[in-house]
Each structure stands twice: as C-alpha cells, then as structure tokens.
Q: 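Got a structure for you, written out below as structure tokens; questions coming shortly.
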Amino acid sequence: MLDDVEAVVLVGGKGTRLRPLTLSAPKPMLPTAGVPFLAHLLSRIQAAGVRRVVLGTSYLAETFSDFFGDGSAMGLELEYVVETEPLGTGGGIRNVFKYLSAPDVLVFNGDVLCGTDLTAVVDTHRRTKADATLHLVRVQDPRAFGCVPTDEDGRVTAFLEKTEDPPTDQINAGCYVFRREVIESIPEGRPVSVERETFPDMLEAGARVSGHVDAAYWRDLGTPLDLVKGSADLVRGVAPSDALPGPTGESLLLEGATVDDSARVFGGTTVGRGVKIGKGARVDGSMLFDGAVVEDNARVVNSVVGTGARVEESAALYDAVIGDRAVVGAHCELRHGMRIWPDVVLPPHGLRFSPDV
Ligand code: GDD
Ligand code: MG
C-alpha cells in the first residue's frame, strides 16, 4: 500500500490539446473505453493505495475538475494546479512542489497507459536509496522516446531524449519516483524539461538515479493509432483499469447504443452513448464516440469516429480519424491515418484511397 506516497500527474503542455486529432476534447479527457483517458490512470494510482494526487496542467483546470471534482468519487484527494505559461515537464513538477508533503512522490506523464506494479517501482526506489527512480520499458522503436541505458546494478547511466541513434531499446516509460528534495531543487518559475535538463544534470552531478525495468503493458497514447489501440486494449482487458464502465470483452456498449443483429462489432470497440450501427456493418478495434452513426455495410477498422459523426452506407475507414459531426459519404474509402476535420461533409463517392499510379 503506497499510502505514504503522493502522486503528480502532468496533463499540460502543447501536445495535450490534440487539435490535430480533430476532436474537441483535450487529450487526457478524450473518452477512451467510455471514460476520459485520465480516469484509467487515476484508477491505477488509486488501486496502488495512493490517496493524494496533484494534477499539474498548463490550461483550464476546469476541464478536469468539472469531471473529477475533489476526487472523492474515485477514493482520491485531487488537487489542480495551473501554470500561467507551460513550464515543461520539469517546470510542471516544480510548480506543484508546495502542494506536496510526502518524502517520496510518484510522477506520471498523463498520456501513458500502463499496467506496471507501482508498488514495485517504489520498492526499487527505496531499496536502492535513489534520488530518483525511472520506470523503464523496452520498445521496438526507441527513437520517439527518452532512451535510458542502465548498468548491471540498475543504475541509470545516461538520459538521451529522442535521439536518432539510441544505444538501447530501453526507454523512459514516463513514470518516476522522486525524493521530495529533488523536486525542490528543480529551478522555479521558468520552463524546465525533466528529460533534457533535470535527469542529465542529476547524472552529471553523481546523483543516484535508478531504473526499474519490467515487461508490463505499456503504451504512450500520443498518436491517434496508439489511442485507438490503447482503447481497444482497455476494452479487451489487455490493459488493466478499474475505471472501465462495463465488463471487458470484444466490445463495450454504452447506454442507448443500438447495433443491428447482422452487424459485427469486435476487437475491443467502444460503442458510445446513443450510437447506431446498421445492417451488415463491421466495426473492428475502433472508438465510436457518443451519437455517431455507422450505416449499413460500412467498415470501420482501427478508427476513431467523433461525436455525432456519420459514416454512410458502404463507406470504409481503416486507421482514420473522423472529427466531431463530420460526414463520410456513402462508398468513400479512407486509410492510413487520414483525418477529417469536424463538420466536414464528404459527399457519396467523394473520396477513395487507391495505391494505383
Ligand atoms: N503541466 C505540464 N506542463 N505538463 C506538460 C508540459 C507542460 O508544459 N509539457 C508536457 N507535459 C506533460 C504532457 O501532458 C504529457 O502528459 C507528459 O508531460 C509528456 O509530454 P509529451 O509531450 O507527451 O512527451 P513525449 O510523449 O513526447 O515524451 C515523454 O514521454 C515518453 C513516454 O511516453 C518523455 O518523457 C519521454 O522521455 C518518454 O519516453
Ligand atoms: Mg507522450
């Protein structure tokens, strides 16, 4: 039980509004398997026994507080702290220092879906008497992440944020334990990157920085395809969460959703409130937000269909994102990450993907 540890969740910065995803909610609040993404992370923190969680954001805290309130419904005490300008990851952590009192603090990137045993991460931190401990995972392509090599004692030897030629496939999973004093030592009142400044400076100064490597479920939801895959993993129970609003399975149907008997909905698809899926439609591993319509014989695979959007008869979506209220006309075909902005109407037969030259 981590009841003597406090947590900080970073949900600010430029990337988080996810405008490019063409959906109106900021990323941590995007419905993911039926609830805002952040609810899944908070449920993991709560399940580990942590009670006090400070959300560090750089934009409207109401976005979060309107939904989560004081956190008591989730068994948490939530505090919201807003930066007047985005302070970066390190600055965001420093900015909440005065709200912390525990000797050890867990810090989370707010866009990571993770099944790691948080108690084990804190145990590593304490056992190694570390100043900071980083949760590390191995990924196929480490270039988009912070590459973090360790020695045979599990000591971090370098922190290389987003390099073209990473020396190992072991990366920063975006979950740390800090000794309180280390947070206090981060410069105040200016942007600081924990990845590019704090960790390299600590290593340079000879601080004890430990790595906790495991093979737990892990995914950064930074891209639309990762969001879709993460959501499907939550629905299927591959990614653990106590916040799923229903049983795990091939699909999650929210209130008022109607699926024709001849339609197939599977692969961890979330069918939002009031969604309608027509005859012969096939929906695989996708997110259908509230009020979306998938008409007869349409195909929706690994795609996001925004709130109130409509996919007309026999249209096909593969790895696509359809903005809120947009219409994909009958027989259109979208593939490979194509995104339709909110309210855009594609006429029937108006767009087709073809690899032909
Ligand atoms: N409060 C606050 N203020 N939060 C911020 C700010 C800021 O100015 N900038 C970023 N954040 C938050 C984001 O909301 C996100 O939850 C987290 O910090 C990480 O920022 P991203 O923009 O998502 O970074 P990334 O995914 O490119 O890389 C980070 O995460 C990887 C793992 O997912 C780095 O920490 C990498 O080293 C790491 O491998
Ligand atoms: Mg990220």
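Each ligand, and each atom within it, is numbered from 1 in the order the structure gives. For reference, positions follow the sequence shown, starting with 1.
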Q: Checking salt bridge (Lys or Arg N to Asp or Glu O under 4.0 Å) against D131, which of R179, R208, R155, R126 comes through?
A: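 The option that passes is R179.
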Q: Would you tell me which option among F145, F108, W218 has the nearest heavy-atom contact to atom 31 (C) of ligand 1?
A: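 The nearest heavy atom belongs to F145.
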Q: Write down the atom of P224, the atom of V321, and the distance for their closest heavy-atom approach.
A: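 Closest heavy-atom pair between P224 and V321: CB-CG2, 3.6 Å.
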Q: Hey, which atoms in ligand 1 end up nearer than 4.0 Å to a heavy atom of Y176?
A: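 Per the distance check, 35 (O).
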Q: What atoms of ligand 1 come closer than 4.0 angstrom to any heavy atom of K162?
A: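 Under 4.0 Å from K162, ligand 1 has these atoms: 25 (P), 27 (O), 28 (O).
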Q: Do you know the tightest heavy-atom contact between T150 and T157?
A: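 The answer is N-OG1, 4.1 Å.
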Q: If we ignore angles and hydrogens, is there a donor and acceptor under 3.5 Å between the side chains of T89 and E195?
A: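 Present: a donor and an acceptor within the cut-off.
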Q: Under 4.0 Å from a heavy atom of L87: give me the atoms of ligand 1 that qualify, with their elements.
A: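 That gives atoms 8 (O) of ligand 1.
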Q: Any nitrogen or oxygen of V112, main chain or side chain, under 3.5 Å from a nitrogen or oxygen of ligand 1?
A: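 In this structure, V112 places no N or O atom under 3.5 Å from an N or O of ligand 1.
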Q: Going by heavy atoms in the side chains, are W218 and V139 under 4.5 Å from each other?
A: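 Yes, their side chains come closer than 4.5 Å.
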Q: Which of the atoms of ligand 1 are close to V11, meaning less than 4.0 Å from one of its heavy atoms?
A: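 Per the distance check, 14 (O).
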Q: Is the shortest N/O to N/O distance between G146 and ligand 1 below 3.5 Å?
A: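 Between G146 and ligand 1, an N or O pair is found under 3.5 Å apart.
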Q: When you check the side-chain N and O atoms of S72 and D70, is any donor under 3.5 Å from an acceptor?
A: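 Yes, D70 and S72 have a side-chain donor paired with an acceptor closer than 3.5 Å.
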Q: Which atoms from ligand 1 have a heavy atom of G110 less than 4.0 Å away?
A: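 So the answer, numbered in order with elements, is 16 (O).
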Q: Hey, does H212 have a side-chain heavy atom less than 4.5 Å from the side chain of D214?
A: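 The answer is yes; the side chains approach within 4.5 Å.
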Q: Do any N/O atoms on N172 end up under 3.5 angstrom from N/O atoms on ligand 1?
A: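 Looking only at distances, the answer is yes, because the N/O contact criterion of under 3.5 Å is met.
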Q: By atom name, which N, O or S atom belonging to D111 lies closest to the Mg ion (ligand 2)?
A: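 Going through the N, O and S atoms of D111 one by one, OD2 ends up nearest to the Mg ion (ligand 2).
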Q: Can you confirm, on distance only, whether ligand 1 has an N/O atom lying under 3.5 Å from any N/O atom belonging to G56?
A: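 Looking only at distances, the answer is yes, because the N/O contact criterion of under 3.5 Å is met.
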Q: Is the shortest side-chain heavy-atom distance between F68 and M29 below 4.5 Å?
A: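 Contact flag for F68/M29 side chains = yes.
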Q: For atom 34 (C) of ligand 1, which candidate among E195, H135, E83, E85 provides the closest heavy atom?
A: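 The residue whose heavy atom sits nearest atom 34 (C) of ligand 1 is E195.
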Q: Just jot down the ligand 1 atoms closer than 4.0 angstrom to any heavy atom of D220, in number order.
A: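 This gives 26 (O), 32 (C), 33 (O) as the contact atoms.
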Q: Do any N/O atoms on G88 end up under 3.5 angstrom from N/O atoms on ligand 1?
A: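 Yes.
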Q: If you measure every N/O of S58 against every N/O of ligand 1, is any gap under 3.5 Å?
A: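 Among all N and O atoms of S58, none is under 3.5 Å from an N or O of ligand 1.
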Q: Is A144 close to ligand 1, meaning an N/O of one under 3.5 Å from an N/O of the other?
A: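 The answer is no, given that A144 and ligand 1 share no N or O pair closer than 3.5 Å.
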Q: How about E312 and R310: do any of their side-chain heavy atoms sit closer than 4.5 Å?
A: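 Contact flag for E312/R310 side chains = yes.
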Q: Taking C-beta and beyond as the side chain, do V293 and V311 meet within less than 4.5 Å on heavy atoms?
A: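 Side-chain contact under 4.5 Å: no.
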Q: Taking only heavy atoms of P86, which atoms of ligand 1 are found under 4.0 Å from at least one of them?
A: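 Contacts of ligand 1 toward P86, numbered from 1: 8 (O).
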Q: Do R264 and E250 sit within salt-bridge range, that is, some charged N less than 4.0 Å from a carboxylate O?
A: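 E250 and R264: not salt-bridged.
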Q: T89 heavy atoms, cut-off 4.0 Å: which ligand 1 atoms fall inside?
A: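 Heavy-atom distances to T89 below 4.0 Å select 10 (C), 18 (O).
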Q: Is G12 close to ligand 1, meaning an N/O of one under 3.5 Å from an N/O of the other?
A: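 Yes, G12 has an N/O under 3.5 Å of an N/O on ligand 1.
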Q: Are the side chains of V9 and V54 in touch, meaning some heavy atoms are under 4.5 Å apart?
A: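 When only atoms from C-beta onward are counted, V54 and V9 do not touch, as no gap falls below 4.5 Å.
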Q: Run down the list D111, V96, V9, L41 and name the one with the heavy atom closest to atom 15 (C) of ligand 1.
A: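 Of the listed residues, D111 has the closest heavy atom.
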Q: Name of the D220 N, O or S atom nearest the Mg ion (ligand 2)?
A: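 The Mg ion (ligand 2) is closest to the D220 atom OD2, counting only N, O or S.
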Q: Report yes or no: does F199 have a heavy atom closer than 4.0 Å to ligand 1?
A: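 The answer is no, since F199 has no heavy atom less than 4.0 Å from ligand 1.
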Q: Any side-chain donor-acceptor pair under 3.5 Å between Y217 and D233?
A: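 Side-chain D/A pair, Y217 to D233: present.
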